[in-house]
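This structure is a prediction, so every number in the text was calculated from the model and none was measured. For ligands, and for the atoms within them, numbers begin at 1 and follow the listed sequence.
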Amino acid sequence: MPSLASGYVLAPWAAHDEKSRGRVYPEPPAHPRSEYQRDRDRIIHCGAFRRLMYKTQVFVNHEGDMYRTRLTHSLEVSQIGRSVAVALGLNEYLTEAICLAHDLGHTPFGHAGQEALNDCMQDYGGFEHNLQSLRVVDKLEEKYAEFRGLNLCFETREGILKHCSKRNARGLGALGERFLNRQQPGLEAQLANLADEIAYNNHDVDDGLRAGMISIEQLCELDMFNACYQEVVAKYPGLNERTVIHETVRRMINHVVRDLIANTREELDRVSPGSIDDVRRHGKSILGMSGGVRETHRELKRFLRQTLYSHERVRRMTDKADRIMRSLFTCYMSRPDLLSERLGSDADGAVEETRARAVADYIAGMTDRFALGEYQRLIGPGDDL
Ligand code: MG
């Protein structure tokens, strides 16, 4: 049985290096690393990964040093993903690689940035951040002499492409097939997807409280928060509020993660997949929380949508981000000379669609502060976010 460096034996339903569907450009073995370790390492060393440090998750980077950025979010996703992977006999390195790469295609300014860019790109094929993450690792990172992109394994790319419209899936060959045939990705990909949700639901509670945009009283109306919170204050009367919040949030994560592991183990016993291909062919996701916990988790998600994500302070930022993204797009589209390095000698002559995609790639790759700086340089002093 193949085992990982950390010593546990990979389950038959895990992704096994030697059964990988491989890389687009074949390469010699990564020895002494595993194939997925090499993928993880390439992701950590890529430029797009470093730029996550200055990209908004919910709070704009300069609002405060304590808030999550896309980078710290990705690290938390990876921590949750790896813990669960080990408990379920899944490939920890593949899980880690997918978790660290899952947000590489995000624009500056969080979801507001993405929606604005998608709107701008409507006549040119649209903009999907998941597809953009894949584009980053497949094409946009130019670091290797022998290929474009990072030349990652199929399973890593499969995990990065969490969602995809049917229209775009048709152009992706084997990677797009599951969206057309309603198949599942491997369990490591399913896990990275859920680890993302668990991470942001919980850290947004923490950040939202820190910012004073949601209150403990409001959160106590949610069963899961209330149960964890009451347990903490009963056990540690007089504890300071910051520590109470941390103890509460860590209990919530624990509760959800334990349930996810237990429920998935039961499902694995029932389905008993003999390989990653059995997992893919199974009609629905094998990995998941039990019904009750799934519902409390959804409740938390709804709460955050209604309070934090639509809070006036977040919306104010959203409006400004929207203006900056649209202005930058229009500016670069009308001045191809600004992009001559990216389009080569073709800058003026490039067909509009090619130019639009190059503009979208460029803007999507920007950090919040670089986008703001470009806006001030090219368009006007504008507003601070
Ligand atoms: Mg994420």
Undergrad: What protein N/O/S atoms lie closer than 2.8 Å to the Mg ion (ligand 1)?
TA: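 Protein N, O or S atoms closer than 2.8 Å to the Mg ion (ligand 1): His73 NE2, His102 NE2, Asp103 OD2, Asp196 OD1.
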Undergrad: Sequence neighbours excluded, which residues qualify as side-chain hydrogen bond (donor to acceptor under 3.5 Å, both in side chains) partners of Arg178?
TA: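 Per chain and number, Arg178 pairs via side-chain hydrogen bond (donor to acceptor under 3.5 Å, both in side chains) with no residue.
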Undergrad: Consider only side-chain heavy atoms of I, L, V, M, F, W and Y, link residues closer than 4.5 Å, and tell whether Tyr67 and Val77 are in one cluster.
TA: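 Result: no, two separate clusters.
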Undergrad: Please list, chain by chain and in numerical order, all residues satisfying side-chain contact (heavy atoms from CB on, under 4.5 Å) with Glu241, sequence neighbours excluded.
TA: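 Glu241 satisfies side-chain contact (heavy atoms from CB on, under 4.5 Å) with Ile216, Ile245 only.
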Undergrad: Show me the side-chain donor-acceptor pairs of residues 222-234 shorter than 3.5 Å, one per line, residues at least two apart or across chains.
TA:
from, atom 1, to, atom 2, distance (Å)
Asn226, OD1, Gln230, NE2, 3.0
Glu231, OE2, Arg251, NE, 2.8

Undergrad: With a 3.5 Å cut-off and no angle check, do the side chains of Ser165 and Glu128 form a donor-acceptor pair?
TA: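 Indeed, the side chains of Ser165 and Glu128 share at least one donor-acceptor pair under 3.5 Å.
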Undergrad: Considering residues, nucleotides and ligands other than Arg302, do more than 12 of their heavy atoms fall under 6.0 Å from its CZ?
TA: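 Counting neighbours around CZ of Arg302, more than 12 heavy atoms of other residues, nucleotides or ligands fall under 6.0 Å, so yes.
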